[in-house]
Protein chains: 2
Amino acid sequence: MTERRDAILDAAIKLADEQGLEAVSMRSVAERVGVTPMALYPHVGSKTALLDAMMGRLLGELLPTLNAHVSWQDQLRDLAHEGRSLSKRHPWFARLQFDRPAVEPGAVRVVDAVYQALLKAGVPEADVPRLERLLSTFIVGYGASEASGRFGPVDPRGRRGQLPEGDLPAHHQLASWLDREVDWDAEFEADLQDLQRLIVAAAHEAAGQPGSAPAGS
Amino acid sequence: MTERRDAILDAAIKLADEQGLEAVSMRSVAERVGVTPMALYPHVGSKTALLDAMMGRLLGELLPTLNAHVSWQDQLRDLAHEGRSLSKRHPWFARLQFDRPAVEPGAVRVVDAVYQALLKAGVPEADVPRLERLLSTFIVGYGASEASGRFGPVDPRGRRGQLPEGDLPAHHQLASWLDREVDWDAEFEADLQDLQRLIVAAAHEAAGQPGSAPAGS
DNA sequence: ACCTGAACACCGTTCAAGT
DNA sequence: ACCTGAACACCGTTCAAGT
């Protein structure tokens, strides 16, 4: 039915994967599909709508992996790993999430899955939306940082070469650690561990002082 | 001396503040300065160099506020608040940090200040760079999420209107919380509290099991 | 040394026209 | 119903030319 639209999205995503988001233009996508740029408009509406649809497609990939019958720890870890996997396969994805709100219905379904896990963990209802935003901000931000080079040293010889060492005492003290190359998978894992403890703490505090019904009810 | 360059940066930043980053073009900046687009090139090199310089200017604003003679808690809180204040005054700033690595020397000075605070808190040297990345990813991500609308409801009537409620059980359960409008300053504060506890936990673990010298020394 | 004007190879999008 | 070609108002950047 909307076979043509799918072909356009496929071409746009493949183009972004191979040459970066800035290589995605109506003209380049059209050429890939084998059609005139203007022929895209009836199918995708506009360039921003095309970018929205690209995000929706990837968020849709995230959904089938959801499994409600596992522990909240496993559910959150699975979602975090799927999100990071998406960011690694499609380096433009995280940046796009910081460019515009995700308007596709897939986005809200993923948020609901995180809500479910946090509720199962015993987080008080009042804190669930905030902690979901904290977690998603970190996971999307981690992907965007990796993709943009924000994490890596600017200079191949290491950042410390840029300035006289006297100006950067902590860099100097940490020199032996900063010279190591980082295992980004292991770092992501360690971060998730720390954030999971943060969730446990939020749940324990709630158990200590119950009675957290919404003031409006 | 380079008075002209500063005038160009001023114009570009003001333009981005007023009309968004996508309104910043060599042509629009030149018009604001009262000069031909081509006259910018000797002063800023290229458009990407102009964007780098805009980031450098804002990161430079962050530095004078640094004060080494306060507790690590206050130092981290001050830096976090200054960073968020920057994101509020210049909504394009966070997004730009996820677009490209910060190449200006100001960036590494801010990182060093965070390193100093984490070391003072008792975080083991091996964990300091990771926790700096965790904190900066959150703070920049929070600014980018606010600016992009990623946090806010897509539909003014709330997100839940988009899908049948049966598909979103946790949204349904949390309905009374999700209908409230959020105080983003308070949320940022609560997040910082949680993250500060994470730092304390990392420091306590280190005190329990000492001997964390780099393997290479 | 600093700026200008014309030009080149790109953009997203509109609109009338074709089949 | 779907696609095309020409056109419009933009981009960043190069280059020869002006003062």
- Item | Straight-line distance of A:W72 CH2 to A:R77 CZ, nearest 0.5 Å | 10.5 Å
- Query: Does A:H43 put a side-chain nitrogen or oxygen below 4.0 Å from OP1 or OP2 of D:dC3?
  - Reply: yes
- Query: In whole angstrom, what separates A:E31's CD from D:dG5's P?
  - Reply: 14 Å
- Taking the six-membered ring of B:F98 (Phe, Tyr or Trp), confirm whether the NZ or CZ of A:R95 is under 6.0 Å from its centre and within 45° of its axis. no
- Task: Take atom CG of A:L40 and atom C1' of C:dG12, then tell me their distance rounded to the nearest Å.
- Result: 11 Å
- Would you tell me if any nitrogen or oxygen in the side chain of B:Y41 comes within less than 4.0 Å of OP1 or OP2 on D:dT14? no
- So OG of B:S85 and NE2 of B:H90: to nearest 0.5 Å the spacing works out to 8.0 Å
- Query: When you look at A:E104 and A:R57, which way does the salt bridge (Lys or Arg N to Asp or Glu O under 4.0 Å) test go after all the steps?
  - Reply: CA-CA 9 Å; A:E104 307 281 326; A:R57 175 82 137 248; over 6 Å; no
- Ion pair present between B:D10 and B:R32, side-chain N to carboxylate O less than 4.0 angstrom? no
- Message: Within this structure, what is the CG-CG distance for the pair B:L198 and A:D194, rounded to the nearest 0.5 Å?
- Response: 4.5 Å
- Item | For DNA chain C, the residues among residues 10-22 of chain A that have a non-hydrogen atom under 4.0 Å from it | none
- Rounded distance (Å) that lies between atom C1' of D:dA1 and atom CZ of A:R4: 13 Å
- Query: Salt bridge between B:E146 and B:K88, side-chain N to carboxylate O under 4.0 Å?
  - Reply: no
Interface polar pairs with nucleotides 8-11 of chain C, N/O, under 3.5 angstrom:
{"unit_1": "C:dC11", "atom_1": "OP1", "unit_2": "A:S25", "atom_2": "OG", "d": "3.4"}
{"unit_1": "C:dC11", "atom_1": "N4", "unit_2": "A:R27", "atom_2": "NH2", "d": "3.4"}

- Message: Tell me the interatomic distance from A:I8, atom CD1, to D:dC3, atom C1', rounded to whole angstroms.
- Response: 12 Å
- Message: If the threshold is 4.0 Å, N to carboxylate O, is there a salt bridge linking B:D191 and A:R130?
- Response: yes
- If you find the nucleotide of DNA chain D closest to B:M38 and the one closest to A:M38, which residue's nucleotide is nearer the 5' end? A:M38
- Message: If you count heavy atoms of other groups shown closer than 6.0 angstrom to CD of A:E31, is the number above 12?
- Response: no
- Item | Partner nucleotide, any strand, of D:dA6 [Watson-Crick/G-U, under 3.5 Å] | C:dT14
